[in-house]
Amino acid sequence: MYEHLETAQNPANLKRVVVDPVSRVEGHGKVTLLLDENDKVQQARLHIVEFRGFEKFIQGRPYWELPVLVQRLCGICPVSHHLAAAKAIDQLVGVDPANLPPAADKLRRLLHFGQVLQSHALHFFHLSSPDLLFGFESDIGKRNIIAVLGDYPDIGLQGVKLRKYGQEVIRMVSGKRVHGTGAVAGGMNKALSKEERDYLLRDIEQIIAWADASVALIKKVHTANLPYYDDFATIRSNYLGLVKPNGALELYHGGIRAKNDKGETIVDHFDYCNYTDLIREEVRSWSYMKFPYLTSIGKADGWYRVGPLARVNNCDFIDTPLAEAARVDFKQHSPEVMVHSTLAFHWARLIELLHCAESINTLLHDPDVMSSDLIAKGEKRYEGIGVIEAPRGTLFHHYQVDENDIVTKANLIVSTTSNNMGMNESVRQVAAEYLSGRELTEPLLNNLEVAIRAYDPCLSCATHAVGKMPLQLELLDAQGDMIGRLVRHSDGSFEH
C-alpha cells in the first residue's frame, strides 16, 4: 500500500517536517515527514522516542510482585497489565483459567469491564471527540475537553461520568481507581461487599443509557461525513483478537482468531500459550517500538491490527443485546465483510463500551461476586503466559521463573505494538492523500495526529525493546546550533 513511503531514496536532499510531540495520546511520540522541492511527501514515519525497560528490570523479582509491578507501565490501562500478569502467574502456581474459582473469574471480569469502560470513555470523549465534533483542522483552542464541555455540555458531561463510573467499579473491586491490588496468584484477594455491590447498581441503568447514546452519537458523526470518514487514514490489514469458544466477542479470556482483509480465517481458537508459533517481532532502526507479524505470512504481509475494530470485525456476535444490535448495524455500514475504515475504530470502541456497561450490570446481579471462594492452588510450574484483550487490543505477558520463584525472562507484546505497522501505514496514507503537495500548517498536520489517535495508542506501554537499540545524541550550543552528534545504529555500530 504505502510501504514505499517508509524510507526515502535520497533523504539528505529533502526538507524535514516534524510533529513533536503527538498530542492527546498516552506516552511520547513524533511524526517526521520528508518532502521534495514540490512539497511532495517522500517519507513518513511515526517514531516512538520513549524507552521503557520493564521487560528487563522485572527480571530478578519474585513472580508474586508482577501484577502490582507491571501495572506501573501505565496510569490509563493498569488493570489490563495487572490481569494479564495475574493470568500468567496463575499458571506458575498450577492454575489454568478453567480452574479459577467462579467468583474470582467473575470479579476479574468485572474489574476488566470497568477498566475497558473507563478507558474507552476517556479516549473518545476527552481525547478524540474534539476532532470529531469541531473538525480535524479546527482552531487549536477548540481541540480539548474543556471546549467540548463548553459547546456540547451534555456530551462532555456524559463522557466524564461514564469514565468516573468505570473508575468506581475498579475502586470497589481493587481498592483504588489506579494501581489497585485485586488479582493474586490463583484468584482474587477480596470479594464485593453487599454495600459495594449496591453502590455500583445504583447508577448502572443510567450508564447503559449513556453508553447507548454514545453509540448513536458516533454513528451520526461518522455517517454525516461520508465518504471522507470511510477513506481517511484507511488501510487494508489482517485482524487479530480473542474470541469465546462460540465465536462471541471476548475481552478477558479466549482463543486467538486472526482474519485477513477479506474476512478469511487465518487461525481460529488458537491457544495463546503457543503464541510464539504464531507471532514474531521485528526491530527497525528508527523506533523503540517493535513490529509484530504473523509468522505464517511473513514480515511484508503478515502485520495485523488489534483493538476494538479488530475485535468487532472478528467476532461472530456480542452476547449482550444492545451491543449486539449496535454491532449488526455497524457491520451493515460496510459493503465488505470486514470494516477497514480507521476512523471506525471509534465506532467499534463505543460498541464495546456499551457491551461493558451491559456486562457490568449482569455481573452485579450475580451472587458469585460476593462469594468468599476466591483462591485455587495447583502444582508449581516454571513458565506462565497471560493474554487479555486490553482496551487497545490483545496484550501478551510471558514469564519464566527459576526454582526460587525469581523471574528469569519476560516478554511483553503490548496492544499498541501490534498496531505499530497499522499506525505507520495510516500516517503514510494521510500524508500521501491529504498533505502531499500542500503548504503544511499546524491545523493540516493535525490530520496526522487524528489518524494516530484513532488507534488510541499507549506509547509508553509499547516501548520495551532491549538490546542494541538505535540512539541519537545531539549537542547544541546556547544559540541552538548543533556542535556535536553521535548515532548508535541498531546493529551496534556508531556514527559521528
Side-chain angles (χ1 to χ4, degrees), residues 1-6 46 230-244 247-251 254-272 274-284 287 289-316 327 330-331 334-349 352 387-396 413-429 451-452 454-457 462:
M1 287 180 283
Y2 296 91
E3 294 96 331
H4 64 285
L5 293 180
E6 179 178 321
L46 168 63
D230 278 351
D231 297 337
F232 181 87
T234 293
I235 55 175
R236 304 183 72 88
S237 69
N238 304 305
Y239 297 93
L240 181 144
L242 300 180
V243 293
K244 291 183 178 179
L249 176 76
E250 178 55 57
L251 297 178
I256 295 176
R257 173 180 286 177
K259 291 186 176 183
N260 65 17
D261 64 324
K262 299 180 180 64
E264 299 164 341
T265 301
I266 301 170
V267 296
D268 202 5
H269 304 294
F270 187 90
D271 183 355
Y272 64 63
N274 299 319
Y275 81 96
T276 54
D277 296 330
L278 181 67
I279 298 169
R280 291 183 185 169
E281 298 174 88
E282 181 187 7
V283 173
R284 301 188 185 179
S287 178
M289 190 155 62
K290 299 177 184 178
F291 290 79
Y293 62 92
L294 297 169
T295 308
S296 61
I297 301 176
K299 295 179 184 179
D301 300 315
W303 57 275
Y304 56 90
R305 291 194 282 180
V306 298
L309 182 62
R311 291 188 290 247
V312 174
N313 263 331
N314 276 353
C315 74
D316 297 330
R327 183 199 70 87
F330 172 75
K331 294 285 281 187
S334 174
E336 298 187 63
V337 175
M338 308 297 272
V339 179
H340 296 296
S341 167
T342 295
L343 291 178
F345 264 98
H346 297 300
W347 194 342
R349 186 171 292 117
E352 288 191 339
V387 178
I388 198 167
E389 284 294 332
R392 293 149 184 84
T394 318
L395 170 64
F396 297 79
I413 303 179
V414 180
S415 318
T416 299
T417 305
S418 290
N419 279 332
N420 193 6
M421 188 63 179
M423 289 190 295
N424 271 279
E425 279 291 280
S426 288
V427 163
R428 292 170 194 143
Q429 195 266 10
I452 296 166
Y455 291 87
D456 186 15

Problem - Between Tyr455 and Ser426, a side-chain donor and acceptor under 3.5 Å - result: yes
Practice task
Specify the closest pair of heavy atoms between Ile413 and Ser418, including all atoms of both residues, with the distance to one decimal.
Solution key: CG2-OG, 3.9 Å
Practice task
List in chain and number order the residues that pass side chain to side chain contact (heavy atoms under 4.5 Å, CB included) with Ala348, two or more places apart in sequence or in another chain; answer none if no residue qualifies.
Solution key: Pro308, Val312, Phe330
Practice task
Go through His340 and Ile235 one step at a time and tell me if the side chain to side chain contact (heavy atoms under 4.5 Å, CB included) criterion holds.
Solution key: CA-CA 6 Å; His340 296 296; Ile235 55 175; over 6 Å; no
Practice task
Would you confirm whether Arg280, through its side chain, and Thr295, through its main-chain N or O, come within 3.5 Å as a donor-acceptor pair?
Solution key: no
Completion exercise
Distance col, row Asn274:CG vs Asp277:CG, nearest 0.5 angstrom, shows 5.5 Å
Practice task
Calculate, to the nearest 0.5 Å, the distance between atoms CZ and OH belonging to Arg311 and Tyr239 respectively.
Solution key: 13.5 Å
Practice task
List the steps and the verdict of side chain to side chain contact (heavy atoms under 4.5 Å, CB included) for Val243 and Asp268.
Solution key: CA-CA 9 Å; Val243 293; Asp268 202 5; 4.2 Å; yes
Exercise for the section: For the residue pair Leu395 and Val387, establish whether any side-chain heavy-atom pair is separated by less than 4.5 Å. Expected result: no
Practice task
Nearest 0.5 Å please: distance from the CD atom of Glu352 over to the CZ atom of Arg327.
Solution key: 12.5 Å
Handout entry: side chain to side chain contact (heavy atoms under 4.5 Å, CB included) partners of Asp316, counting only residues at least two apart
Key = Arg257
Practice task
Give a yes or no answer on whether the side chain of Asn420 reaches the backbone of Lys290 with a donor-acceptor pair at less than 3.5 Å.
Solution key: yes
Exercise for the section: Taking the side chain as every heavy atom from C-beta outward, state whether Met421 and Glu282 have any pair of such atoms under 4.5 Å apart. Expected result: no
Fill in the blank from the handout: Heavy atoms of Thr234 and Asp230 approach each other most closely as OG1-O, 2.8 Å
Handout entry: Heavy-atom neighbours of Lys299 NZ exceed 12 at 6.0 Å
Key = no
Handout entry: Ion pair check, Arg428 and Glu425, cut-off under 4.0 Å
Key = yes
Fill in the blank from the handout: side-chain hydrogen bond (donor to acceptor under 3.5 Å, both in side chains) with Arg305: of Asn419, Asn238, Thr342, Asn313, only one passes, and it is Thr342
Practice task
Starting from the C-alpha separation in whole Å, work towards a yes-or-no answer on side chain to side chain contact (heavy atoms under 4.5 Å, CB included) for Met289 and Val414.
Solution key: CA-CA 10 Å; Met289 190 155 62; Val414 180; over 6 Å; no
Practice task
Report the distance from atom NZ of Lys262 to atom CZ of Arg236, rounding to the nearest 0.5 Å.
Solution key: 6.5 Å
Completion exercise
Heavy atoms of Leu249 and Lys244 approach each other most closely as O-CE, 3.7 Å
Handout entry: Intermediate values then yes/no, side chain to side chain contact (heavy atoms under 4.5 Å, CB included), Phe291 and Asn424
Key = CA-CA 10 Å; Phe291 290 79; Asn424 271 279; 4.0 Å; yes
Exercise for the section: Compare all side-chain heavy atoms of Ile297 with those of Tyr304 and state whether any distance is below 4.5 angstrom. Expected result: no
Completion exercise
CG of Asn314 to CG of Leu242, rounded to nearest 0.5 Å, is 10.0 Å
Handout entry: Heavy-atom donor-acceptor pair, Ser415 side chain to Ala390 backbone, under 3.5 Å
Key = no
Completion exercise
For Val267 and Leu278, the nearest pair of non-hydrogen atoms, with its separation, is CG1-CD1, 3.9 Å
Problem - From CH2 (Trp303) to CD (Glu3), nearest 0.5 Å - result: 7.0 Å
Practice task
Say whether, by atom type as modelled, one donor and one acceptor occur between the side chain of Glu389 and the main chain of Val306 under 3.5 angstrom.
Solution key: no
Handout entry: Test item: Trp347 and Val339 side chains (from C-beta on) under 4.5 Å apart, heavy atoms
Key = no
Practice task
Taking atom CG of Asp301 as the centre, report whether more than 12 heavy atoms of other residues, nucleotides or ligands fall under 6.0 Å from it.
Solution key: no
Fill in the blank from the handout: Shortest non-hydrogen pair, Val427 vs Ile452, comes out as CG2-CG1, 3.6 Å
Practice task
Locate the shortest heavy-atom distance separating Glu336 from Asp261; write the atom from each residue and the value.
Solution key: OE1-O, 4.5 Å
Handout entry: Donor-acceptor contact below 3.5 Å, side chain Gln429 vs main chain Ala233
Key = yes
